[in-house]
4 protein chains.
Amino acid sequence: MSTNWMDRYDETVAEGFLGANDAHVGLSSLLGIAIDHVEPGRLRAGLEVTPALVTPIGNLHGGAVAALVDHVLGSVCYPHMERGQWAATTEFKVNYLRPVSDGRLVAEATIVTMTRRTAVVRVDVTNADRLVAAAQGTCTIVDPKA
Amino acid sequence: MSTNWMDRYDETVAEGFLGANDAHVGLSSLLGIAIDHVEPGRLRAGLEVTPALVTPIGNLHGGAVAALVDHVLGSVCYPHMERGQWAATTEFKVNYLRPVSDGRLVAEATIVTMTRRTAVVRVDVTNADRLVAAAQGTCTIVDPKA
Amino acid sequence: MSTNWMDRYDETVAEGFLGANDAHVGLSSLLGIAIDHVEPGRLRAGLEVTPALVTPIGNLHGGAVAALVDHVLGSVCYPHMERGQWAATTEFKVNYLRPVSDGRLVAEATIVTMTRRTAVVRVDVTNADRLVAAAQGTCTIVDPKA
Amino acid sequence: MSTNWMDRYDETVAEGFLGANDAHVGLSSLLGIAIDHVEPGRLRAGLEVTPALVTPIGNLHGGAVAALVDHVLGSVCYPHMERGQWAATTEFKVNYLRPVSDGRLVAEATIVTMTRRTAVVRVDVTNADRLVAAAQGTCTIVDPKA
C-alpha cells in the first residue's frame, strides 16, 4: 500500500482546523460542525443533534449526516496537501445504518489512498459509540488558480 | 418496467408539500430548501446559494448539495405511499460535476422503481440550467409504529 | 450543460467496436459481451444469460451484471477520446432492481458529462425491456505512456 | 455496535464454501474464483489474473474485480443466515485504486452491520498485498419461496 502521502503532514494545518472551531463559518456554522481530532491520515468531526436538525418523525435528517460526511472527506486531506491547494469532493456514497435521535454525531474519516491529484477516503459515523452510517468517496486535489 | 407504484398517487400529499414551504422547519429551514414541483414519480426542490453556504474558496459547500439530494430522494416517494408510512433514505451516491458559486440550486428526483417496501431514485442537480451533480439512491418505506 | 465533448466523435472507433465483436477476447469473450449500438454519447452492449452465468438459485450472478456495467462505462467514452488514450473506470455504483433468469441482458451507457480528463456516465440495464439494474460511475481518461 | 448477528454462525456452511471450491460452477468457475478463508463476519476469496481476464492495455478488466466484489459481498452473509435463505446483493459501490496486471486478486469482505433482513458489507481488494480496490454495499436476506 503506497504511503508516500504520509511523508507530507503539515501540523500547523491540523492545528489550524482545531483552533478555527470557535470562529467557524458557512455550512459548518449552520450545522454546528466542529473538528475535534486530526492525525496523519485521519480526522474526526462532530455535531450536536439539535431539534433544528430533526425531522417531524423524530430522527436526525439524513442530509445532516451526508453534509458531515462530505465535510470530513475533504478536510482529512488538507494536512497532506501543499499550501494553496484545495480538496474538492468528487463523489461519495453513504449507507445509513441506524436512525439517530439525539446526542452527538461523530464522523471519522480515514485516507485509504492518496496521490498528488486524488484521494479515496472512508468515513465511519457513530452516535453514542454505535455505527450509524458508513461512507466512501473521492477527493480531487486542485491547484490554486495561477 | 413495473409501474404499479404509479397506481397510487395522493394529490393532497403533493399539495401539502408545496403549501408547507412557508412554514418549513428543521434542516429544510436552515438550508432554505423549498419544494417547488410535484408530479407522479417526480419532485423538484431548490435552495438559494447564500453566502452562509459558500466555502472560503467561494464554492457552495458539497454538504449542502448532498443534503438537498437526500431531501428530495425521500420526498418524491411520499405521494405514492400510504398515510402514516415514512420514507427513510437507506443509501445514496452522488457525483459532483461542477462547482457552484451563486444562483439557485435545483434538484429533481425521479423514481426509477418502487415497491411497497423500497424505492430506487435518481436525482439531477442543476444550477443555471447546467447539470452540477448526479445522484442515485434507495429509500426504505417504513410502516408506522403500532 | 457543457457539450464540448460532443464536438469530437470518431466514427471509425465506433465502427471498430461493432466489427470487433466476432473476434472479441478477454472478459468480453468469457461472458459473451457484444457491443451492438454506438452513437455520440451513448453505447449499448449485451450478453446472453447462459446457464454458466446463473447461480444455483436460478438467477443471473450479480457479478455478470456488474462486469457488463463496467465494460460499457469505459467503452462509451472511446469515440470521444484521442487515439492512444484509454479510459479507466475509477469508480461506479450499481443498484440491482430485479433478478434475471434468462434471455438477454442489455446495458445502455450514456455520458452525463465529459472533460479531457474524466467522464461521468449513467448505465441502464434491461432484460426483456424491463429495467433490472441502474448504475452511475466515473472514467478517467489516461494518456498513452510516452 | 449491534453484534446480534454474530450470535448465529453456521460452521458447516463456512466449511461447505471451502470444500466446494473444487466443484465450483457458474461465474465462479468461469473467472476462477475460490473462497479461501471464512470466519464470523469475514470471508476472503481470490482469483488468478490470467491472460483471459486482461485487457489489450495489459490490465485486469475492472469487470473481473467488480464480479469478485459482488461474489464476496453475498457469500460473507451465508454462515450468519438460516438454511434455505439466500443473500441478494442489492447495491454496491467500488473505487478502483490501482491497475492490476498479474498475480492473484484477493477480496476480503467484512460485515459492517447485519439484521435479519439486510447486511451492509465492506470489501478490500488486494494484489501482492497492495490495496487495489475498496467497495461497500448492501445484501438483502431473502426467505425461501414457500
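The chains referred to below are lettered A, B, ... by the order of the sequence lines, with proteins before strands, and numbering in each begins at 1. Just so we're clear, the structure is a prediction, and the values are computed from it rather than from any experiment.
Pairing each heavy atom of D/L30 with each of C/L31, the nearest pair is CD1-CD2, 4.2 Å.
Note: D/A67 leads D/A67, D/A88, D/G74, D/G137 in heavy-atom pairs under 4.5 Å with chain C. Contact count against chain D (heavy-atom pairs under 4.5 Å) is highest for C/A52 among C/A52, C/A64, C/P51, C/A134.
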Using only distance (under 3.5 Å, no hydrogens or angles), which donor-acceptor pairs connect chain C and chain D?
from  : atom 1 : to    : atom 2 : distance (Å)
D/L27 : N      : C/A52 : O      : 3.2
D/A52 : O      : C/L27 : N      : 3.1
D/H61 : NE2    : C/H71 : ND1    : 2.9
D/G63 : N      : C/D70 : OD1    : 3.4
D/D70 : OD1    : C/G63 : N      : 3.4
D/D70 : OD2    : C/Y96 : OH     : 2.9
D/H71 : ND1    : C/H61 : NE2    : 2.9
D/T90 : O      : C/Y96 : N      : 2.8
D/E91 : OE1    : C/K93 : NZ     : 2.8
D/F92 : N      : C/V94 : O      : 3.1
D/F92 : O      : C/V94 : N      : 2.9
D/K93 : NZ     : C/E91 : OE1    : 2.8
D/V94 : N      : C/F92 : O      : 2.9
D/V94 : O      : C/F92 : N      : 3.1
D/Y96 : N      : C/T90 : O      : 2.8
D/Y96 : OH     : C/D70 : OD2    : 2.9

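By the side chain to side chain contact (heavy atoms under 4.5 Å, CB included) test, C/A107 pairs with C/L68, C/V72, C/V123, C/V125, sequence neighbours left out.
In this structure, chain D has no heavy atom under 4.5 Å from any part of C/L97.
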